[in-house]
Amino acid sequence: MAAPPTPSPLVAASTRHFVAPRLRSLLPTAAAMSTSSSSSAVPAPRPVVPGAAAGEQQPAPLPHATLEVAGARCGLLAGFDSLRRPYRAFPVVASNRHVETIFAAFARSLPAVALRRECLRAPDDGAIALDWVSGDERSLPRDAPVLILLPGLTGGSDDTYVRHMLLRARSKGWRVVVFNSRGCAGSPVTTAKFYSASFTGDLWQVVEYVSGRYPQSNIYAVGWSLGANILVRYLGEETDKCVLSGAVSLCNPFNLVIADEDFHKGFNNVYDRALARALRNIFKKHALLFEGLEGEYNIPKAANARSVRDFDEGLTRVSFGFKSVDDYYSNSSSSDSIKNVSIPLLCIQADNDPIAPSRGIPREDIKANPNCLLIVTPQGGHLGWVAGEDAPFGCPWTDPIIMEFLEYVHNEKKSSCNVVSCEGIVAACRRRFGIPYRFMGVAPAV
């Protein structure tokens, strides 16, 4: 992605870039595996443990067969304790994908967290709100890994799934910041422009700002729903220039054309109307900014939108330069970005997600990219995953998996940096003193 204009001095950030190690170099060699998302499916044959006695089939530990797992290096997941057990959705609550989705939205506990807000000035004079955990600036080391959280459409730091993930990462010593899109979680709107599934400029600025503020830290990101779509598009645009060291995408709609088709079917209309109402509420708080706009804007349609599509037709697609709402959806999907992702990326989806349809998952592209992994659960709804030890009111089933993945990547990143540092010291000594490698107890890097 072409870099946006230089930020104002308020948010001047480092332009430091580094190439995160590809997942190919991080993960142990393992055969790819893809199982059915149905709990009744017969699991695929599992690889034999090297060194097993002749004729003795000893299966290597792999994620449980109730999960669909795909990716060139899915053997990595064998080390995750949380994936060795079957996916067991909480009784009754998860009996229906809509019940699970709504239960999670309204009944999941909301952890209390003291947050400190910081606002950045965007190049177009828009405002970006970052919510940090209060006190972390003093209590955490400067090189603590940083995790950026991207909530879903109209979501923010006050959403339950965001708070639970924030607390889990913070308990591991990670610095966490929530990126609230324009107008979300009470963040200010200062221009006649919100955000969209296609727009990665604000995320680009946030990543640059955070990496400049903590130059000794590895930066990671987790996105949900629309936030996941934006995150994966960003990864695809940045390719091997990406500042992030790893990322996780959850409930990503991936193909917005398919998602839009399903959004207008049956009970899904309930979600459509609810999200349209949330968009209208954000818009009405800042309606004066949109007075007198010329061109193709249809402000009355956006202000009175009965569906997300109405809002996108009246405002979003015009703000971001698309010819029509269908043009906006077809050119804002993150499914086309997977092939260009160059850092470790874990995608977690629910097979019965009513908002992010399973058939929209770019499975073949994920399998073809050595940096990507996919987990599909048989149940979960949208942002639900009411399963696991903390169900039904605690954190989603996904949180432990997310943290295990991020810690694995972070540890491997640190290990690779240590190796590079040692080799650099050896090389410097050799140049300075002319000492052969054999006298230093190391062999030259290949």
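Index from 1, following the sequence.
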Expected output: side-chain Asp272 to main-chain Val308 donor-acceptor under 3.5 Å:
yes

Using modelled atom types only, decide if a donor and an acceptor are shared between the side chain of Asp159 and the backbone of Val162 within a distance under 3.5 Å.
no

Ring pair (Phe, Tyr, Trp, His ring centres under 6.0 Å) involving Tyr328 - partner list, sequence neighbours excluded
Phe322

Centroid-to-centroid, Phe194 to Phe290, below 6.0 Å?
yes

Does any N or O in the side chain of Ser196 come within less than 3.5 Å of the main-chain N or O of Phe199, such that one atom is a donor and the other an acceptor?
yes

Would you say the side chain of His164 lies within less than 4.5 Å of the side chain of Ser109, judging by non-hydrogen atoms?
yes

Tell me whether Ser330 contacts the main-chain N or O of Asp327 through its side chain, where contact means a donor paired with an acceptor under 3.5 Å.
yes

Residue pair Asn340 / Thr239, side-chain donor-acceptor N/O under 3.5 Å:
no

Apply the test side chain to side chain contact (heavy atoms under 4.5 Å, CB included) to residues Trp224 and Leu150: give CA-CA distance (whole Å), side-chain angles for both, the deciding distance (0.1 Å), then the verdict.
CA-CA 6 Å; Trp224 293 266; Leu150 288 80; 5.7 Å; no

Looking only at atom types and distance, does a side-chain atom of Thr160 sit under 3.5 Å from a main-chain N or O of Leu110, one as donor and one as acceptor?
no

If you draw the axis of the six-membered ring of Tyr220, does the NZ or CZ of Lys413 fall within 45° of it and under 6.0 Å from the ring centre?
no

Worked verdict on Phe405 versus Leu373 for side chain to side chain contact (heavy atoms under 4.5 Å, CB included):
CA-CA 10 Å; Phe405 174 78; Leu373 287 168; 4.1 Å; yes

Within the distance-only criterion (no hydrogens, no angle test), does the side chain of Thr66 pair as donor or acceptor with the backbone N or O of Tyr87 below 3.5 angstrom?
yes

Without swapping roles, check the side chain of Asn218 against the backbone of His410 for a donor-acceptor pair under 3.5 Å.
no

Partner of Asp131 under salt bridge (charged side-chain N to carboxylate O under 4.0 Å, His left out), picked from Arg163, Arg116, Arg117, is Arg117

Using modelled atom types only, decide if a donor and an acceptor are shared between the side chain of Arg233 and the backbone of Ser337 within a distance under 3.5 Å.
no

Ring centroid separation for Phe103 and Phe393, is it under 6.0 angstrom?
yes

Using atom types as modelled and distance alone, determine if a side-chain donor or acceptor of Ser181 lies under 3.5 Å from a backbone N or O of Cys184.
no

What residues form a ring pair (Phe, Tyr, Trp, His ring centres under 6.0 Å) with Tyr329, not counting sequence neighbours?
none

When you compare the side chains of Trp397 and Thr377, does any donor N or O come within less than 3.5 Å of an acceptor on the partner?
no

Side chains of Leu374 and Arg363 in contact at under 4.5 Å (non-hydrogen atoms):
yes

Given side chains that start at C-beta, do those of Met165 and Asp399 come closer than 4.5 Å, heavy atoms only?
yes

Once rounded to the nearest 0.5 Å, what's the spacing between atom OH of Tyr408 and atom CG of Leu77?
10.0 Å

Donor-acceptor under 3.5 Å (Asn352 side chain, Gly380 main chain)
yes

Phe254 and Ile338: side chain to side chain contact (heavy atoms under 4.5 Å, CB included), yes or no, with the steps?
CA-CA 9 Å; Phe254 280 117; Ile338 286 291; 4.1 Å; yes

Please test Arg170 against Asp136 for salt bridge (charged side-chain N to carboxylate O under 4.0 Å, His left out), starting from the C-alpha separation and ending with a verdict.
CA-CA 9 Å; Arg170 182 59 189 81; Asp136 276 1; 2.7 Å; yes

Can Arg309 and Asp312 be counted as an ion pair, charged N to O under 4.0 angstrom?
no

Do His264 and Asn268 have side-chain N/O donor and acceptor atoms under 3.5 Å apart?
no

Do Ile128 and Tyr209 have side chains that approach each other closer than 4.5 Å (heavy atoms only, starting at C-beta)?
no

Take Glu364 and Lys367 through the test salt bridge (charged side-chain N to carboxylate O under 4.0 Å, His left out) and record every step on the way to the result.
CA-CA 5 Å; Glu364 295 308 313; Lys367 292 176 184 177; 3.6 Å; yes

Indicate whether any N or O donor in one side chain lies under 3.5 Å from an N or O acceptor in the other, for Ser198 and Arg317.
no

